[in-house]
Amino acid sequence: MSVEYSGLSLASILAMVDGSDSAHPFSFDAERWAEGYDIVLTAADGYSVSFSTKDLAPEALILADREADVYLAKPMTVGDAPKNLWVKDLVSISTSL
């Protein structure tokens, strides 16, 4: 059985802080992503996982707010990525930018 999740790509969210273009502050910096910087995802229960962006495609993870058209109480990361990066009850996204 498959489940459909909906939300924003993590890359879209990080575009707000990756400093790619001051004239267009929400423009994603693909070169900076490819060079690699660290991301830490933290759940409400204290679970955290870190990864380098150079090891993952920009659209691989989404910050999901819906599961099968039902809004989630707390967002989670899901996608075409290792399962340890699927973080439920996400409360923090930190970056080394």
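None of the values given here were measured: they were computed from a predicted structure.
- Taken together through direct or relayed side-chain contacts under 4.5 Å among Ile, Leu, Val, Met, Phe, Trp and Tyr, Val17 and Phe28 form part of one hydrophobic cluster.
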Side-chain donor-acceptor pairs under 3.5 Å in residues 44-54, sequence neighbours left out?
{"unit_1": "Asp45", "atom_1": "OD1", "unit_2": "Tyr47", "atom_2": "N", "d": "2.9"}
{"unit_1": "Tyr47", "atom_1": "OH", "unit_2": "Asn84", "atom_2": "O", "d": "2.8"}
{"unit_1": "Ser52", "atom_1": "OG", "unit_2": "Lys54", "atom_2": "N", "d": "3.4"}
{"unit_1": "Thr53", "atom_1": "OG1", "unit_2": "Trp33", "atom_2": "O", "d": "2.7"}
{"unit_1": "Thr53", "atom_1": "OG1", "unit_2": "Tyr37", "atom_2": "N", "d": "3.0"}

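- Remark: Ile39 CD1 to Leu61 CG distance equals 9.5 Å, nearest 0.5 Å.
- For Thr95, there are no side-chain hydrogen bond (donor to acceptor under 3.5 Å, both in side chains) partners two or more places apart in sequence or in a different chain.
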Kindly list each side-chain donor-acceptor pair under 3.5 angstrom involving residues 2-10, sequence neighbours excluded, with atom names and distances?
{"unit_1": "Ser9", "atom_1": "OG", "unit_2": "Ser12", "atom_2": "N", "d": "3.1"}
{"unit_1": "Ser9", "atom_1": "OG", "unit_2": "Ser12", "atom_2": "OG", "d": "2.8"}
{"unit_1": "Ser9", "atom_1": "OG", "unit_2": "Glu59", "atom_2": "OE1", "d": "3.3"}

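- Taking Glu67 as the reference, nothing meets the side-chain hydrogen bond (donor to acceptor under 3.5 Å, both in side chains) condition, with sequence neighbours excluded.
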Could you list the donor-acceptor pairs under 3.5 angstrom formed between side-chain atoms of residues 70-80 and any protein atom two or more places apart in sequence or on another chain?
{"unit_1": "Thr77", "atom_1": "OG1", "unit_2": "Leu85", "atom_2": "O", "d": "2.6"}
{"unit_1": "Thr77", "atom_1": "OG1", "unit_2": "Val87", "atom_2": "N", "d": "3.0"}

